[in-house]
Number of protein chains: 2
Amino acid sequence: MQAEHCLMGTAERKAKEKEELKELILQAAQKLFVEKGVEHTTIRNIASEIEYSVGTVYVYYRDKNEILHDLHRRGFMKLGASMAALQHVSHPFERLKATGRAYIAFALDNQLMYDLMFNMKAPMHTMRMNQEEKWQEGMATFGVLRQTITDCMSAGYFKGHEVEALSFAIWSAVHGMCSLYIRERIQGASAAEPRQLLEEAFESLIRMMDVK
Amino acid sequence: MQAEHCLMGTAERKAKEKEELKELILQAAQKLFVEKGVEHTTIRNIASEIEYSVGTVYVYYRDKNEILHDLHRRGFMKLGASMAALQHVSHPFERLKATGRAYIAFALDNQLMYDLMFNMKAPMHTMRMNQEEKWQEGMATFGVLRQTITDCMSAGYFKGHEVEALSFAIWSAVHGMCSLYIRERIQGASAAEPRQLLEEAFESLIRMMDVK
DNA sequence: TTTGAAAAATGAACAATGTTCAATTTCTTT
DNA sequence: AAAGAAATTGAACATTGTTCATTTTTCAAA
């Protein structure tokens, strides 16, 4: 069916080109999502941004949700990398604090991405289609936090707590701050600037946790 | 210009009928939003649910966002009432715990409403149009929490904390749990059932706070 | 170099949606 | 009963996500 010589070479190149175009679509989508929001970005926008036709986008992504899902996946890789970089901090409680700060920094520097990862329903729904287990991309990140907290408990912190529940509680607290900030639910809650209130709230959280 | 006798009577009736129809639209919208989600509910759906035409809906609500905004407002009234009912609990820390449980109960019993109140961008945007101050509907609720926490501090709790930041931190923690639960970000995080993990996390939070 | 089939790209066409508004119906007052 | 006001209608428009028959491009084989 297929000739032998130099075929594999072109096939590879083709595959790489396909990947590059897919990447191009993703970059354009992310840019437009940030600029005008997910809802107000049309497939036609994305297509004309990369100077291809509408149909081409549908060749590489089944629908708009699949683009969201791909961005979602990348978000978790980025957050995961950012947290993995802190594993060298040996004192567990210091590592916990650093992890929290890194998490907040990620959320605030990539607000739309964070929104996509934790506040949007769409990506979770498209994942059902694939596998029950696919969300574990995100849960690996939770595993890192749980390990750090386990280490803290070994060092005498969090006496009387249960790891699983405590980890979720702490994750919730930090996520809650970021989420309320990003979704603009802090305006008017205090005289302070939203950003500063967030920082101070994180300090408060640390103070609550820091009892041996 | 207007006759005097029995005119006010009909005018009042007319006004009441208008209110009733507006109420009808809102009820239908809420029902359909819960059944099929906000995105997948069309104005035509709402119209045919109440057996009126599309145009009529637009007479009472400028656009879909205004319907969302109205539900948003009602949500805060309901949550506010639920929290106000606990002001009789005299011991401040007990009141704080009860407030948290009431908050969680509200979020889980009215998941779509909660979503609307804290996770959706749309209602916040339409509010900008009206007044800078309108979001205070929601902030009154925060005020109740802050007062309870102030009382806790007077009773010796939360030593060394700053009220504003601490209140926001605690709100964040509880909101985070509810938000992650509703947005289905707990699946697979633990062997436990999501609902049970949420309860246990709340217990963990209380344990962290309960140091005099 | 030519060729022809496979791969990629196209964009017109479709269905569904939010929204508008001139026309119609219903109600109220005189 | 009739005129005027208010409420209701639903056809029509613009925009969207999505599909698919058609066209263009690519490239191994002759």
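Convention: sequence-line order gives letters A, B, ...; per-chain numbering from 1. These numbers come from a predicted model, not from an experiment.
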**Request:** Go through D:dT8, D:dT18, C:dA8 for me and flag the one nearest to the A:Lys64 side chain.
**Result:** D:dT18

**Under 3.5 Å donor-acceptor, A:Arg185 side chain and A:Arg183 backbone** = yes

**Request:** Could you please name the option among D:dG17, C:dA8, C:dG18 that lies closest to any side-chain atom of A:Thr42?
**Result:** D:dG17

**Message:** From CD1 of B:Ile50 over to P of D:dT8, roughly how many Å is that when rounded to an integer?
**Reply:** 9 Å

**Request:** Starting at atom OH of B:Tyr58, determine the distance to atom C1' of D:dC13, rounded to an integer number of angstrom.
**Result:** 13 Å

**Request:** Check whether more than 12 heavy atoms from other residues, nucleotides or ligands sit under 6.0 Å from atom NE2 of A:His40, and answer yes or no.
**Result:** no

**Message:** What contact category does A:Ile46 fall into here, base, sugar-phosphate, or nothing, at under 4.0 angstrom with non-hydrogen atoms?
**Reply:** nothing

**Request:** Nearest whole angstrom, please: distance from the C1' of C:dG18 to the CD of B:Glu66.
**Result:** 14 Å

**Complete:** With the side chain defined as heavy atoms from C-beta on, A:Thr56 is closest, among D:dT8, C:dA9, D:dT16, to C:dA9

**Request:** Would you check if there is a donor-acceptor pair between the side chains of A:Asn45 and A:Glu49 at a distance under 3.5 Å?
**Result:** no

**Request:** Measure the distance from CG on A:Asp63 to P on D:dC20 and round it to the nearest whole Å.
**Result:** 14 Å

**Asked** To the nearest angstrom, how far is B:Glu19 atom CD from D:dA6 atom P?
**Response** 17 Å

**Flag if over 12 foreign heavy atoms under 6.0 Å of NZ, B:Lys36** = yes

**Fill in**
Per atom distances to the A:Arg44 side chain, the nearest of D:dT18, C:dT10, C:dT19 is D:dT18

**Message:** Considering every strand and a 4.0 Å limit on heavy-atom distances, what is the contact class for B:Tyr61: base, sugar-phosphate, or nothing?
**Reply:** nothing

**Item:** Length of the line joining B:Ile25:CD1 and D:dA7:C1', which is rounded to integer Å
**Value:** 12 Å

**Prompt:** Any chance the rings of A:Phe106 and A:Phe76 have centres within less than 6.0 Å?
**Reply:** no

**Asked** Taking CD from A:Glu17 and C1' from C:dA8, how many angstroms apart are they, rounded to a whole number?
**Response** 11 Å

**Prompt:** What is the distance, rounded to the nearest whole Å, between atom CD of B:Glu51 and atom P of D:dG10?
**Reply:** 12 Å

